Amino acid sequence: MSHTIRVGPPAQLVALASLSDLKSDLNIADDTQDADLARRLLEASAAVLAYIGRPVLASDWRDILDLQRDQPRIGLVLGRYPVTALKVVSINGTALSDADVASVFGSMDSSSGMLYPPENGPTLWHPARYVITYTAGYSVPGADGTGGTIPLDIQRAIRITASASWHDAARNPNLKSESEQGVGSTSWVATVAGTGGLPQDAANLLSVYRSGGIR
């Protein structure tokens, strides 16, 4: 039995992909549409995070895990991931030393939040109450769009979504391609259920990041 509790403020939503990269995708060289594109990037970021369906931006969390007598485990699975820092680990109310916490962090799979016993301890987590405070999630880029640890696939999905929004403002959103009358045919984008309104190409990039997708 486990519970995950947020102990820090949620990360403030900012655009999680670069405006300059979006403009490059759209072949826009001037800055006359920057405000509109920035708004679409922010909206696309929110839509992508909603589709992923779990917190992925950096915040502090506390997990309370109760292992019963018949439940020894080789690893404890934290509720949020990727894990970037372990702050406090206690077992039945007794906190591990900084050295033991560092040992646990060194042997964990941070990408999936799988926590293994300290190298100098037992090979299994024995039945007990474990309380673990940690930081998990990707860091957001700075105001200039640089830095941060948002995966490239998520950034690309956001730009695809923002690009689709920008194009939709000027044409039928279901129109995929068209040609001169009498020369070629017009094709239409099929609406696919289950993508949360995202373009299918964007949804495809995000499957591994959705709840249950990485572990």
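Given the structure is predicted, the values throughout are model-derived calculations rather than measurements.
Considering all non-hydrogen atoms of both residues, Trp61 and Ala136 come closest at NE1-O, 4.0 Å. When all heavy atoms are compared, the tightest approach of Ala162 to Ala44 is N-CB, 3.7 Å. When all heavy atoms of Tyr116 and Ser107 are compared, the closest pair comes out as CD1-O, 2.6 Å. Residues Ile158 and Ala17 share a closest heavy-atom pair of CG2-CB, 3.9 Å.
Remark: Asp60 CG to Arg6 CZ distance equals 9.5 Å, nearest 0.5 Å. Between atom CG of residue Asp201 and atom CZ of residue Arg156 there is a gap of 8.5 Å, rounded to the nearest 0.5 Å. Ser2 OG to Arg129 CZ: the interatomic distance, rounded to the nearest 0.5 Å, is 11.0 Å. For the atom pair OG1 (Thr4) and CZ (Arg62), the distance works out to 11.5 Å, reported to the nearest 0.5 Å. Here CG of Asn92 is found 7.5 Å from OH of Tyr130. Values are rounded to the nearest 0.5 Å.
Residues Leu78 and Arg80 form no side-chain contact, since every pair of their non-hydrogen atoms from C-beta on lies 4.5 Å or further apart. Taking the side chain as every heavy atom from C-beta outward, Val140 and Leu16 approach each other to under 4.5 Å. Looking at heavy atoms from C-beta onward, Leu115 lies in side-chain contact with Val104 at the 4.5 angstrom threshold. Inter-residue side-chain proximity for Ser163 and Leu26 is flagged as met; some heavy-atom pair is nearer than 4.5 Å. Counting heavy atoms from C-beta outward, Ile150 and Leu57 have side chains that approach closer than 4.5 Å. Residues Asp153 and Leu206 are not in side-chain contact: their nearest non-hydrogen atoms beyond the backbone lie 4.5 Å or more apart. Using a 4.5 Å heavy-atom threshold, the side chains of Val56 and Tyr209 count as separate. Counting heavy atoms from C-beta outward, Lys87 and Tyr134 have side chains that stay 4.5 Å or more apart.
Within 6.0 Å of atom CG in Asp30, more than 12 heavy atoms from other residues, nucleotides or ligands are found, so the atom counts as buried in its surroundings.
At a threshold of 4.5 Å between side-chain heavy atoms, the hydrophobic network of Ile, Leu, Val, Met, Phe, Trp and Tyr places Ile160 and Leu198 in two separate groups. Ile132 and Ile91 fall within a single hydrophobic cluster, where Ile, Leu, Val, Met, Phe, Trp and Tyr are joined by side-chain heavy atoms under 4.5 Å apart, directly or via other members. Val89 is not connected to Ile5 by any chain of hydrophobic side-chain contacts under 4.5 Å among Ile, Leu, Val, Met, Phe, Trp and Tyr, and they are in different clusters. No single ILVMFWY cluster, assembled from side-chain heavy atoms under 4.5 Å apart, contains both Leu205 and Leu49. Grouping the Ile, Leu, Val, Met, Phe, Trp and Tyr side chains by contacts below 4.5 angstrom, directly or via other members, places Val48 apart from Leu152.
Looking at Leu41, Asp25, Ile28, Leu22 one by one, the single match for side chain to side chain contact (heavy atoms under 4.5 Å, CB included) with Trp166 turns out to be Ile28.
In this structure, Ser207 contributes its side chain and Ala203 its backbone to no donor-acceptor pair below 3.5 Å. The main-chain N or O of Tyr81 is never found under 3.5 Å from a side-chain atom of Ser111 such that the two would form a donor-acceptor pair. Without hydrogens or angle criteria, Asp63 side chain to Gly79 main chain gives a donor-acceptor distance under 3.5 Å. With Ser59 contributing its side chain and Ala11 its backbone, the two residues share no donor-acceptor pair below 3.5 Å. A donor-acceptor pair under 3.5 Å links the side-chain atoms of Arg210 to the main chain of Tyr51, judged by distance alone. At distances below 3.5 Å, not a single donor-acceptor pair connects side-chain atoms of Thr195 with backbone N or O atoms of Gln200. Formation of a donor-acceptor pair under 3.5 Å by the Ser165 side chain with backbone atoms of Thr161 is not found in this model.
Ion pairing of Lys23 with Asp34 is present here, as a side-chain N (NZ or NE/NH1/NH2) and a carboxylate O approach within less than 4.0 Å. Using a cut-off of 4.0 Å between Lys/Arg side-chain N and Asp/Glu carboxylate O, Arg39 and Asp36 are scored as salt-bridged. The residues Asp168 and Arg40 are annotated as not salt-bridged, no charged nitrogen and carboxylate oxygen being separated by less than 4.0 angstrom.
Using a 3.5 Å distance cut-off with no hydrogens or angles, the side chains of Thr135 and Thr84 do not pair a donor with an acceptor.
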Checklist entry - Between His126 and Leu67, is a side-chain contact (heavy atoms from CB on, under 4.5 Å) present by the stated rule, with each step listed? => result CA-CA 7 Å; His126 291 297; Leu67 269 60; over 6 Å; no
